Structures are given as structure tokens and as C-alpha cells.
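All values derive from a computational prediction rather than experimental measurement.
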Amino acid sequence: SQAAVRPLTRAYTLGCDAMLRQFSCDRAGARKQAEAALAVASEHDLPLWRAWASVPLGWALSDAGETEEGIATIRWAIDAAEETGAVWGLPYFMASLAEAQWRAGDAAAGLDTLAAAREIAERNDERFFEAEIHRVRGGLLLESGAAAETAEAAFELALEVARRQQSPSLELRSALELGRLWRERGRQDQAARLVSAAYGSFTEGFETPDLVRARRFLDELGAAGLPAHVR
């Protein structure tokens, strides 16, 4: 019936909005929309959407420094989704968990989580979060003390995937990680050109966290040659 469909539609819409806010690093917005989605899903017994909404909530908690609670929330989401029999989306769930583990300084656990995420993504040909899987892997490799070249290869793969998928937001995020690594290795000019090119593709949204971080990075390098519309 129409009355039965409405709660599912609302939980779905709120949950997707929370995910999109996670993807743009809008911590407060992700948490607000995730909590609203959870309220609808809990009231109407929609277990899969309770799980989906818990991922951006856990990400937001982790991003705010509440890493243990964030990790626990995303772990619960993975278990809850698997209990429903759902498979699609698990690489996104797991990459979000790995990012929280990165923030917690637990590189070994994060790399194990990503290995599982990559296996599921390959098996199911699920690619929408592939660039983030490689980007987070690069960060975890650096955290673990691996050779810089190994992390660099992961960031470069993340950048390649984001470009192939025509995802400028994920391209910028990957470019910034690679640019930071290059700066640390004395390749400031290359870092500036890389991040400037990714940043220059945007015409709006300059107040969002990723673009703010990229602009700060370019300012620190004294980067020149930005397009007129972003100077």
C-alpha cells in the first residue's frame, strides 16, 4: 500500500542523503541525516536501512574523534546488513570502517578490512567506492610504516579510478593525498600541479571540507596558475 511504501522511501532518501554528505565530508550533515534515517527505519522495522544509515553515522562519529564508537557503529552495520542477506554495498561499509580504523591508528586492522572489501568488490563487480578503497589503503600503508612507493602506488590507482569513473570529488581527495606525499618527498611543484588541476575542475562548492583543504594546501605551496574562477 502507499502508506507502507512511504516509510521505506523516507528512510531510503534520508540514508542516501547521509551517504552523500559523508562523501563530501559534511560531518554534521551526515550525522543529522543518518540519525533521521535511523529513526524512521527503527520505527518501521526496516533492518537493512538501519544498517545503511549506521555507516555515515559511524563515519561522522569517527571524524569527530569518537573513533571507538564510530568503529563499533560501522561494525554493527556490517553485521546487521549481512544478517539480512544483503551483499551489495558491503565494500562501502568496509572501506568506511577501514577509514575509521586509520583514524584510530590501527593500520593492521584497517588493511585487513580493506582486503576483505576488495575481495567482495571483485567478486560482485561493485565499483562505486573503488577509488576510496585504494585511497584509504594508501593512507593505511603509510600509517603502517610501509615504503612510501607502496602508498604512492595506491594513491595513484585511486586517482586513476576516480578519473575513469569521472568522479571529480574522489579525484580531488586522491590527488590531495598523493600531493601531500609528494610534498614530503620534495616534489612540491608536481604536487601543486596535480592538486591545482583537480581543484580547478570545480566551479562551485568551495566551502566544502575537501575543497577547503585543497585550497589551503595550494596556498601553503604558493601555487600559481589557478583558473580565474577559483583564485
Is the backbone of R127 close enough, under 3.5 Å, to the side chain of Q165 for a donor and an acceptor to pair up by distance?
yes

Side-chain donor-acceptor pair present, D106, Q101, cut-off under 3.5 Å:
no

Membership question, hydrophobic clusters at under 4.5 Å side-chain separation (ILVMFWY): are V136 and I78 in the same one?
no

So, F93 versus F129, ring centres under 6.0 angstrom or not?
no

Would you give the length of the straight line joining atom OG1 of T73 to atom CD of E69, rounded to the nearest 0.5 angstrom?
5.0 Å

CA sep, side-chain torsions, deciding dist, call: E66, R31, salt bridge (Lys or Arg N to Asp or Glu O under 4.0 Å):
CA-CA 13 Å; E66 300 174 57; R31 182 168 185 167; 3.8 Å; yes

Please determine whether side-chain contact (heavy atoms from CB on, under 4.5 Å) holds for the pair R21 and W59, giving the CA-CA distance in whole Å, both sets of side-chain angles, and the decisive distance to 0.1 Å.
CA-CA 11 Å; R21 290 173 186 272; W59 171 84; over 6 Å; no

Rounded to the nearest 0.5 angstrom, the OG-CD1 distance for S62 and I71 is 6.5 Å

Start with the C-alpha gap between F23 and S169, add the side-chain angles, then the distance that decides, and say whether side-chain contact (heavy atoms from CB on, under 4.5 Å) holds.
CA-CA 8 Å; F23 297 167; S169 293; over 6 Å; no

Evaluate side-chain contact (heavy atoms from CB on, under 4.5 Å) for S174 paired with E156, printing each intermediate quantity in order.
CA-CA 8 Å; S174 300; E156 287 176 338; over 6 Å; no

When you measure from the side chain of S201 to the backbone of A198, do you find a donor-acceptor pair of N or O atoms at a distance under 3.5 Å?
yes

Interatomic spacing from CD in E132 to CG in L114 - rounded to 0.5 Å
10.5 Å

Residue pair E160, R163: steps toward the salt bridge (Lys or Arg N to Asp or Glu O under 4.0 Å) verdict
CA-CA 5 Å; E160 176 189 328; R163 286 171 174 167; over 6 Å; no

Path from I74 to I120 over hydrophobic side-chain contacts below 4.5 Å
yes

Evaluate the salt bridge (Lys or Arg N to Asp or Glu O under 4.0 Å) criterion for residues R123 and E119: first the C-alpha distance (whole Å), next the side-chain angles of each, then the deciding distance (0.1 Å), finally the verdict.
CA-CA 6 Å; R123 186 171 69 236; E119 191 277 328; 2.6 Å; yes

Shortest non-hydrogen separation from A117 to I133 and the atoms involved:
CB-CD1, 4.3 Å

Between S196 (side chain) and R193 (backbone), is there a donor-acceptor pair under 3.5 Å?
no

Between L170 and F155, is there a shared hydrophobic cluster once you connect ILVMFWY residues whose side-chain heavy atoms come closer than 4.5 Å?
no

d(L14 CG, E35 CD) to nearest 0.5 Å is 11.5 Å

Step by step, work out the ring-ring contact (aromatic ring centres under 6.0 Å, His included) result for W88 and F128.
CA-CA 11 Å; W88 189 84; F128 86 95; 5.4 Å; yes

When you measure from the side chain of T208 to the backbone N and O of D210, does any donor-acceptor pair fall under 3.5 Å?
no

Do the side-chain N and O atoms of Q22 and S96 include a donor-acceptor pair separated by under 3.5 angstrom?
yes

Any chain of hydrophobic side-chain contacts (each under 4.5 Å) joining M19 to L8?
yes

Which value, rounded to the nearest 0.5 Å, describes the distance between L38 atom CG and Q33 atom CD?
11.5 Å

Contacts under 3.5 angstrom, residues 178-186 side chains, donor-acceptor by atom type, not counting sequence neighbours:
from: W182; atom 1: NE1; to: E152; atom 2: OE2; distance (Å): 2.8
from: R183; atom 1: NH1; to: E220; atom 2: OE1; distance (Å): 2.8
from: R185; atom 1: NH1; to: E152; atom 2: OE1; distance (Å): 3.1
from: R185; atom 1: NH2; to: E149; atom 2: OE2; distance (Å): 2.8

Taken to the nearest 0.5 Å, the spacing of T150 OG1 from L141 CG works out to 6.5 Å

Would you list the pairs meeting ring-ring contact (aromatic ring centres under 6.0 Å, His included) in which at least one residue belongs to residues 24-49, sequence neighbours left out?
Y12-W49, W49-W52

For the pair R118 and E130, find out whether any cationic side-chain nitrogen is under 4.0 Å from an anionic carboxylate oxygen.
no

Taking all non-hydrogen atoms of both residues, which atom of S24 and which atom of P209 are closest, and how far apart?
O-CD, 3.4 Å

F217-L172 co-clustered via ILVMFWY side chain contacts under 4.5 Å:
yes

Are R10 and E43 close enough for a salt bridge, meaning some N to O gap below 4.0 Å?
no

Any salt bridge between D45 and R50, counting N to O under 4.0 Å?
yes

Regarding Y199 and E171, is there a side-chain donor-to-acceptor distance under 3.5 Å anywhere?
no

Is it true that R103 and T67 share a donor-acceptor pair across their side chains at a distance under 3.5 Å?
no

